[in-house]
Every structure is written in C-alpha cells, then in structure tokens.
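I have placed the structure first, in the form of structure tokens, so that the comments after it can refer back to it.
Both ligands and their constituent atoms are indexed starting at 1 by order of listing. Atom set for the values below is all heavy atoms of this structure, side chains included, hydrogens, waters and symmetry mates excluded.
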Amino acid sequence: MATAISIDDVRGAREAIRGVAVETPLVRSESLSTRAGVPVWLKLETFQPTGAFKIRGAANALARLGPGARARGVVCASTGNHGRAVAHAAARLGVPATVCLSRLVSEHKVKAVEALGARVLRVGDSQDEAGEQVARLVRDQGMTEIPPFDHPHVIAGQGTIGLEVLEQCPDVRTLVVPVSGGGLAGGIALAAKSVDPAVAVVGVSMDRGAAMHASLAAGHPVDVTEVASLADSLGGGIGLDNRHTFDLCRRLLDRVVLLDEAAIYRGMRHLFAHQGLVTEGGAAVGAAALLAGTLALDGPAALIVSGRNVDPEQFLRVARGEPVQLGDLEVGP
Ligand SMILES: *Cc1c(COP(=O)(O)O)cnc(C)c1O
C-alpha cells in the first residue's frame, strides 16, 4: 500500500517538536573511523530528554491533537521508550496519558514511565496483548492511541533525525539505523533520500525475533516469537495489519543486517569504552554491525545511537565484561 507521508510532513514535524525534543549532536568516532577506513559519525539520540529518539514521534503526534482528544487523554503500548516519550510529551501539554506494558518489560523502564506522571497498566506476556488493552481503552473511554511506529505523524517525527544528519554532515553516504517496527528507519530513509537520493540506509536488527526482517523476506508482515535480547527495545511485531512502515522499509531500505547477541554485547562495550556512552543494546547495533564487519562502507557513515534507557545492572555487567544471562543464552565478551 502506498503511503501518503512526504518530506513536507517531516519538515512540519521539525517545527512541531521544537522545544520538546532537542536537535542532538553528531559526533565523530575515532575508533570506529579507524576500523572502517571512512569517517564514522554517531547521532546521539541518547541526549534526548527521555533518553531515546521516540520523543520526536510522540511530540509530533501529540502536537496535532484537538482540544477534545486532549481532554480524553492518550494511550499507548510500549516496551518502554515510546511510553516514556508519550508520558513526557503528554505531561508537557497537560494531557492525561496511560501506558500499557507487557510483563517482559523491565521494572526499571516501568518506574521511569510512572515517574513522568503516566498511569502504567501491565498486561500480558507480549506487546500484542498490551496492544489489545489499548484498543479497549480507545473503544470504551475515547482515548486516542499514539502508536509506537505505524502512524504518519510518528514516522514523520522520527524522520527529523534524517534531516538533521544531512545538515550536520552533508557528505554522509550511509545511514545505519536500528530496526524494530520500522518507524525510525522508514522515517529517516524517507527524509534522507528526499534530500539526497544517493544516500544508502541500512537497517540493523538482532538475529532472534526480528519481525521487520522476517516480514521483508516473506513479502508481507509476519509474526515472530519474542525472545530475551540485549536489544530488547527492538523486540515485538510490526503488526499483521501494518499500514505504513512495512511499505516504507520495503521501498527505501537498501538492506537489513542481523546480529547475534555476542556482537551486540561488543557494540555496547565499545561505545562505553571508546565514547563513554551508556547505550541500550538496541542503540548499539550500528557500532556492533561495523565491528562485526557486516557493513561495507564506501564513504562517511552515520550510526543512529537510538537510546540509553538500559537496565543499569545489565549494563554494568556488559561494561565490566561479565557474562549476561538472556533466557537460556549466556552472552559474554
Ligand atoms: C523503538 C526503538 C528502536 C526501533 O524503532 P522502530 O521505529 O520501532 O523501528 C530502536 N532503538 C531504540 C532505543 C528504541 O527505543
């Protein structure tokens, strides 16, 4: 299905989110540039007020609500970063927010959402079940759903990253973007390729439970089984009734690469050791892909470092080079 999102929507989002989301720094990584043999830049979405890029999409979607919808409130289902983003943006606008989270989501992320003033409902063992609760609240209480990725305003908000990177580094050849539902990658690819059609956009996911990759391979949205991963913010499905992000990713991503947990572990460790960055596994996949040798870069590259809201205990283990237990799998350096 053709999507109606355009570069003008992304430019409009840039104005709409000003004052809620920040324009994040693009910094050069010497260690990764040396490894790659080309300049490598890091787009630090870790500097957003909520610690992740999702504030961009949420702020854009909320900015467009009318007074009635604001009064009835907003609701979302999220593995944490989208919930934080909706809670934060809603608090700024005085809109009541409810966040539905699966029981797989870490306690650390739940507390962070509650601290922002949102009501948290814990439901089910998957994001799909949390999504069903959202549908009930929309139907029974007239709340407005702010979806985590498959919504034109959300996609346009995430796309503002693409505009910023091309202004900050006009000679960038490749953008490397973490992929879960595809709002981030789809929005960035739409924006970046509108400005410079020669820019390549490479998606990166973990090799277990990568719904967009499996869907692109199948030619239509498919379900995957959720498993524990260092990249937990990349878990969850893309929705069997996906309307926008599957089409965007199919048309605009040059390829999607998959990484095992050991590679993601090394990516997180590298960004901490060489850049002093605290990152989620899902945010370190660009660095991880580069270190694993799966990116053939032919010019300056920008890696989207998407968030820093990692479980502190897990992060400290990774930073110290200690093994981490993920379900049945033990991962170490
Ligand atoms: C949500 C999220 C992603 C993936 O974004 P999608 O739009 O769902 O593909 C990547 N990194 C972090 C930190 C996230 O919170």
Which atoms of ligand 1 sit under 4.0 Å from any heavy atom of [X]?
| X | value |
| --- | --- |
| Glu280 | 13 (C) |
| Ser306 | 10 (C), 11 (N), 12 (C), 13 (C) |
| Leu184 | 5 (O), 6 (P), 7 (O) |
| Gly307 | 13 (C) |
| Asn81 | 13 (C), 14 (C), 15 (O) |
| Gly183 | 6 (P), 7 (O), 9 (O) |

Task: From the candidates Leu234, Val204, Thr245, Asn309, the one that places a heavy atom nearest atom 10 (C) of ligand 1 - done: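 It is Leu234 that holds the nearest heavy atom.
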Open item on the list: Considering Gly181, Gly51, Gly57 one by one, which has a heavy atom nearer to atom 8 (O) of ligand 1 than any of the others?
Closed with: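 Nearest option to atom 8 (O) of ligand 1, by heavy atoms: Gly181.
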- [ ] Enumerate the residue pairs fulfilling salt bridge (Lys or Arg N to Asp or Glu O under 4.0 Å) with a member in residues 256-276, sequence neighbours excluded, ordered by first and then second residue.
- [x]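 Applying salt bridge (Lys or Arg N to Asp or Glu O under 4.0 Å) to every pair that reaches into residues 256-276, excluding sequence neighbours, yields nothing.
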Under 3.5 Å, is there a donor on one side chain and an acceptor on the other for [X] and [Y]?
| X | Y | answer |
| --- | --- | --- |
| His270 | Ser31 | yes |
| Lys43 | Gln168 | yes |
| Ser306 | Glu45 | no |
| Arg56 | Thr160 | yes |
| Asn60 | Arg64 | yes |

Task: Pro148-ligand 1 polar pair, N/O distance under 3.5 Å - done: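 Among all N and O atoms of Pro148, none is under 3.5 Å from an N or O of ligand 1.
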TODO: Could you tell me if any non-hydrogen atom of Ala283 lies under 4.0 Å from any atom of ligand 1?
DONE: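 Judged by the 4.0 Å heavy-atom criterion, Ala283 does not count as contacting ligand 1.
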Anything under 3.5 Å between a donor and an acceptor, one on a side chain of residues 129-137, the other on a protein residue two or more places apart or in another chain? List them.
from: Glu129; atom 1: OE2; to: Asp125; atom 2: N; distance (Å): 3.4
from: Gln133; atom 1: OE1; to: Arg136; atom 2: NE; distance (Å): 3.2
from: Gln133; atom 1: OE1; to: Arg136; atom 2: NH2; distance (Å): 2.8

Open item on the list: Residue-level breakdown please: for Ser180 versus ligand 1, do any non-hydrogen atoms fall below 4.0 Å on the side chain, on the backbone, on both, or on neither?
Closed with: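 Within the 4.0 Å criterion, Ser180 contacts ligand 1 through backbone and side-chain atoms alike.
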- [ ] Could you see which bit of Lys54 sits under 4.0 Å from ligand 1, with heavy atoms only: side chain, backbone, both or neither?
- [x]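 The answer is the side chain of Lys54.
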Task: Neighbour count above 12 (heavy atom, 6.0 Å) for Asp140 CG - done: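 More than 12 heavy atoms, drawn from other residues, nucleotides or ligands, come within 6.0 Å of this atom.
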